[in-house]
Undergrad: 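Dropping a structure here in structure tokens format, bear with me for questions.
Being a predicted model, the structure only gives us computed values, none of them experimental.
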Amino acid sequence: MFPIYDVIVVGAGHAGCEAAHSAAKIGAKVLLCTMNMNTIAQMSCNPAMGGVAKGQIVREIDALGGMSGIISDKSMIQFRMLNRSKGPAMWSPRTQNDRMRFAEEWRLALERTPNVDFWQEMVSGLVVKDNKVKGVRTGIGLEIMAKSVVLTNGTFLNGIIHIGEKQFGGGRTGESAAKGITEQLVSLGFEAGRMKTGTPPRVDGRSLDYSKMEVQEGDMHPEKFSYSDETKPLGKQRNCWITYTNKEVHNTLETGFDRSPMFNGRIQGLGPRYCPSIEDKINRFAERERHQIFVEPEGWDTVEIYVNGFSTSLPEDVQYAALRKIPGFETAKMFRPGYAIEYDFFPPTQLKLTLETHLIENLFFAGQINGTTGYEEAASQGLIAGINAARKVKENDPFVLKRSDAYIGVLIDDLINKGTEEPYRMFTSRAEFRLLLRQDNADLRLTQLGHQIGLADDTRLEKMMDKKSETGRLINDLKQKKLTPDLINVGLGEFDTATIKEKITVEKLLKRPQIGLQEVMALDGDLKKYLSRYKKEVLEQAEIQIKYESYIEKEQQMVEKLNNMENFKIPVSFDYISIPALSAEGKQKLNKIKPETLGQASRISGVSPADLSILTVYLGR
């Protein structure tokens, strides 16, 4: 009935979709298994993509040839570039999306991808022989063979949904939990744990009074995620709104604390620290009189509203009463209550940097099964797992991104070397080279790598090379072009920066914090005419590279030092236990994670500088 597949992907969320697409795109025969074909790429939580650091990840996925950026662009209803008031390392694109169109676009994209087959059924176990995965076993007893398997189970592994004192099995509301896989993996020697996440109630937008809220419009000149020409910026956008909780809301919520599964011990798993439930917020930050609530439409045409910031597992009657005390929500009608979901995960220290497991060959994990939270984090892991599953089958070298290559590299390196005891979320502060890893240069950093492995096509590479050469040409011209005092001094005074006494190059002028290319164009009409030949992205790239040149050079020097350690390979069979001078914790962590390089060893929690010195000596021998 079934051929032997190169890759079977279990689960069709954000990680599963990227895994299936990337593996198929580079030539693998793929089967995507899902419990429900109608919920492929479901946005289980908020209808949005990107945000701080997450937007950089979506751009990186796109630059490599993945689909999350394109799907987000095709389904977006609003675009905002966050943190524009800060430096370019902090700029983060974010889209508000049409939930139904997002899922539809992903399914259509997968159906148009050659080499992807689908199977709708629960996968209850793996076929494993001699510590090597051979396929999957389904709920009705079918065995489907494959050379590699990628597990992207999301919140479905033994999922339990909590609403007040009620609890029931489920991977999402209205959908069954997946059973059998955790138990089998534990029997094979894997360590498992429990985590939890939550979602807010959804309400009827027709029942809200938006006049009592602050309107949150999209950018006046919206951009998009994808570097390709397949998508276009929005011509029109939908508004979002902001409102706030108050003391009355908090008091009402507190009446349900005695029935809260979070406070009475029924939920054992740890929730996301940086996206807490509303009851957790008012409990942990009792001194705050209000908390921000984002009112987000779920699509172009639907009236359903996502109440971002009001995630809760309190009883539905308490949720409803508290909601109606929020300004603008006095007559709100609730479509469905919020809930918490508890699910199994596997500490990611059990993985290689390719996301293949140490214990079972050709078995890969991606997404929330690794302890992460967020669509973007999941999608990026799916992309890397799919690429490596396909490359392993074809006996190609592994594809690994370093910390200096991408936020995706930071994410996976953190997971493998540090592990996580709570849902891991990406922040710009996690990256030590964030000035190099900007959202505007993801194509310059990664498109060539994506092209080399067959994921980014020739058109993508040509477009990136054109941008690179145009940027270089513009920077060179700005180093040559000089402006005279009589031409620009009056304008400089208006921009609150010092006047000049002799000619100055545009490049040197751009080093001033008060001056950007827009200000330079206002100073010199001829220069404005010349610069108008260049695309906006080239102008932005040139300005950033000139303005932050010395800082970028310092980070690149740090990267070179780090790469020296990354190039120092550690044999897979290296015996850490036999080195008496290593600390007990160092031996344990090194033996468990089995770092591939000295650089990776240096980032393992519990490996001390002394351990590293000793290891360097032994490796040198």
Undergrad: Start with the C-alpha gap between Tyr424 and Asn370, add the side-chain angles, then the distance that decides, and say whether side-chain contact (heavy atoms from CB on, under 4.5 Å) holds.
TA: CA-CA 9 Å; Tyr424 179 102; Asn370 289 337; over 6 Å; no

Undergrad: Salt bridge between Glu555 and Arg434, side-chain N to carboxylate O under 4.0 Å?
TA: no

Undergrad: How many angstroms lie between atom OG1 of Thr471 and atom CG of Leu539, to the nearest 0.5 angstrom?
TA: 9.0 Å

Undergrad: Which heavy atom of Gly371 sits nearest to which heavy atom of Thr420, and what is that distance?
TA: O-CG2, 3.6 Å

Undergrad: Could you tell me whether Lys481 and Glu507 have a side-chain N and a carboxylate O separated by less than 4.0 Å?
TA: no

Undergrad: Quick one, Asn308 with Glu296, criterion side-chain hydrogen bond (donor to acceptor under 3.5 Å, both in side chains). Give me CA distance, side-chain angles, the key distance, then yes/no.
TA: CA-CA 7 Å; Asn308 196 342; Glu296 301 177 346; 3.0 Å; yes

Undergrad: Within the structure provided, determine whether Leu110 and Arg107 are in side-chain contact (heavy-atom separation under 4.5 Å).
TA: no

Undergrad: In Å, rounded to the nearest 0.5 Å, how long is the span from CG of Leu411 to CD of Gln381?
TA: 5.0 Å

Undergrad: For Gln237, does its backbone N or O pair with a side-chain atom of Gln78 as donor and acceptor, under 3.5 Å?
TA: no

Undergrad: Got a donor-acceptor contact below 3.5 angstrom from the Arg603 side chain to the Gly599 backbone?
TA: yes

Undergrad: Is Thr95 reaching over with its side chain to a backbone N or O of Asn97, donor-acceptor style, under 3.5 angstrom?
TA: no

Undergrad: Hey, is Asp397 close enough to Arg391 for a salt bridge, meaning N to O under 4.0 Å?
TA: no

Undergrad: Checking the side chain of Asn441 only, and the main-chain atoms of Leu444 only, is there a donor and an acceptor separated by less than 3.5 Å?
TA: no

Undergrad: Given Asp6 and Lys29, is the salt bridge (Lys or Arg N to Asp or Glu O under 4.0 Å) satisfied, shown in steps?
TA: CA-CA 5 Å; Asp6 292 320; Lys29 182 68 178 170; over 6 Å; no

Undergrad: Taking all non-hydrogen atoms of both residues, which atom of Asn388 and which atom of Phe399 are closest, and how far apart?
TA: OD1-N, 2.6 Å

Undergrad: Counting only heavy atoms from other residues, nucleotides and ligands, does the tally under 6.0 Å from NZ of Lys594 exceed 12?
TA: yes

Undergrad: Give a yes-or-no answer on whether the side chains of Gln350 and Thr357 include a donor-acceptor pair shorter than 3.5 Å.
TA: no

Undergrad: Sub-3.5 Å donor-acceptor pair from the side chain of Arg59 to the main-chain atoms of Phe225, do we have one?
TA: yes

Undergrad: Is a side-chain donor or acceptor of Asn153 paired with a backbone partner of Ala178 at a separation under 3.5 angstrom?
TA: no

Undergrad: Work out which heavy atom in Leu527 is nearest to a heavy atom in Val520; give both atom names and the distance.
TA: CD2-CG1, 3.0 Å

Undergrad: Between Phe365 and Phe346, how do the two ring planes meet: parallel, tilted or perpendicular, split at 30° and 60°?
TA: tilted

Undergrad: Within a strict 4.5 Å, meaning less than it, do heavy atoms of the Cys45 and Tyr375 side chains meet?
TA: yes

Undergrad: Using modelled atom types and a 3.5 Å cut-off, is there a donor and acceptor pairing between side-chain atoms of Arg445 and backbone atoms of Arg438?
TA: yes

Undergrad: So, applying side chain to side chain donor-acceptor pair (under 3.5 Å) with Ser44, which one of Arg172, Glu175, Gln368 is it?
TA: Arg172

Undergrad: Between Ile384 and Val400, is any pair of side-chain heavy atoms under 4.5 Å apart?
TA: no

Undergrad: Look at Glu356 together with Lys352 and state whether they make a salt bridge at an N to O cut-off of under 4.0 Å.
TA: yes

Undergrad: Take atom CD1 in Ile4; do more than 12 heavy atoms of anything else shown fall under 6.0 Å from it?
TA: no

Undergrad: Going by an N to O cut-off under 4.0 Å, is there a salt bridge joining Glu540 and Lys467?
TA: no

Undergrad: Could you name each residue pair satisfying side-chain hydrogen bond (donor to acceptor under 3.5 Å, both in side chains) that touches residues 45-56, not counting sequence neighbours?
TA: Lys54-Glu376, Lys54-Glu377, Gln56-Ser92

Undergrad: What is the minimum heavy-atom distance between Cys33 and Val123, and which atoms define it?
TA: CB-CG2, 3.9 Å

Undergrad: With a 4.5 Å limit on heavy-atom distance, are the side chains of Trp106 and Ser75 in contact?
TA: no

Undergrad: Tell me if a side-chain donor or acceptor on Thr302 pairs with a main-chain N or O of Gly299 at a distance below 3.5 Å.
TA: no

Undergrad: Is the distance between the ring centroids of His221 and Phe79 less than 6.0 Å?
TA: no

Undergrad: With a 4.0 Å cut-off on N to O distance, would you call Asp443 and Lys463 a salt bridge?
TA: no

Undergrad: Quick one, Gln541 with Gln545, criterion side-chain hydrogen bond (donor to acceptor under 3.5 Å, both in side chains). Give me CA distance, side-chain angles, the key distance, then yes/no.
TA: CA-CA 6 Å; Gln541 192 63 220; Gln545 289 188 27; 3.1 Å; yes

Undergrad: Between Asp62 and Ile70, is any pair of side-chain heavy atoms under 4.5 Å apart?
TA: yes

Undergrad: Run Glu361 and Lys392 through salt bridge (Lys or Arg N to Asp or Glu O under 4.0 Å) and show every step you take.
TA: CA-CA 10 Å; Glu361 189 178 356; Lys392 180 87 185 284; 3.4 Å; yes

Undergrad: Please name the pair of heavy atoms, one in Leu383 and one in Gly66, separated by the smallest distance, quoted to 0.1 Å.
TA: CD1-CA, 3.8 Å

Undergrad: Find out whether Ile570 and Glu596 are in side-chain contact, i.e. whether some heavy atom of one side chain is under 4.5 Å from a heavy atom of the other.
TA: no

Undergrad: For side-chain hydrogen bond (donor to acceptor under 3.5 Å, both in side chains), just list the numbers for Thr231 and Lys224, CA-CA rounded to whole Å, side-chain angles, deciding distance to a tenth of an Å, and then say yes or no.
TA: CA-CA 8 Å; Thr231 61; Lys224 61 193 186 81; 3.1 Å; yes

Undergrad: With a cut-off of 6.0 Å (strictly less than), are more than 12 heavy atoms of other residues, nucleotides or ligands near NZ of Lys511?
TA: yes

Undergrad: Identify the two heavy atoms, one from Phe102 and one from Ala41, that lie closest to each other, and give their separation to 0.1 Å.
TA: CD2-O, 3.6 Å

Undergrad: For Asp413 and Gln600: C-alpha separation, side-chain torsions, deciding distance, then whether side-chain hydrogen bond (donor to acceptor under 3.5 Å, both in side chains) applies.
TA: CA-CA 8 Å; Asp413 191 79; Gln600 185 186 350; 5.7 Å; no

Undergrad: Scan side-chain atoms only and decide if His451 and Asp458 contain a donor-acceptor pair under the 3.5 Å cut-off.
TA: yes

Undergrad: Measure the shortest side-chain to side-chain distance between Tyr548 and Leu435 over non-hydrogen atoms and say whether it is less than 4.5 angstrom.
TA: yes

Undergrad: According to the interplanar angle, ranging from 0 to 90°, do the rings of Tyr530 and Tyr534 count as parallel (below 30°), tilted (30 to 60°) or perpendicular (above 60°)?
TA: perpendicular

Undergrad: Atom CD of Glu104 and atom CD1 of Ile71: how far apart are they, to the nearest 0.5 Å?
TA: 10.0 Å

Undergrad: Measuring only between side-chain heavy atoms, which start at C-beta, is Val149 closer than 4.5 Å to Val7?
TA: no

Undergrad: Under the 3.5 angstrom rule, does the side chain of Lys402 hit a backbone N or O of Val410 as a donor-acceptor pair?
TA: no

Undergrad: Run the salt bridge (Lys or Arg N to Asp or Glu O under 4.0 Å) check on Glu432 and Arg403 step by step: do they pass?
TA: CA-CA 8 Å; Glu432 58 270 56; Arg403 297 182 72 90; 3.0 Å; yes

Undergrad: Check whether NZ of the Lys or CZ of the Arg Arg430 lies under 6.0 Å from the centre of the six-membered ring of Tyr407 and within 45 degrees of that ring's axis.
TA: no

Undergrad: For Glu543 and Leu517, indicate whether the former's side chain and the latter's backbone hold a donor-acceptor pair under 3.5 Å.
TA: yes

Undergrad: Is there a salt bridge (Lys or Arg N to Asp or Glu O under 4.0 Å) between Arg84 and Glu223? Walk through the geometry before answering.
TA: CA-CA 13 Å; Arg84 272 288 191 188; Glu223 299 175 38; 3.0 Å; yes

Undergrad: Compute both the distance and the angle, then confirm whether Lys236 meets the cation-pi test with Trp300: under 6.0 Å from the six-membered ring centre, within 45 degrees of the axis.
TA: yes

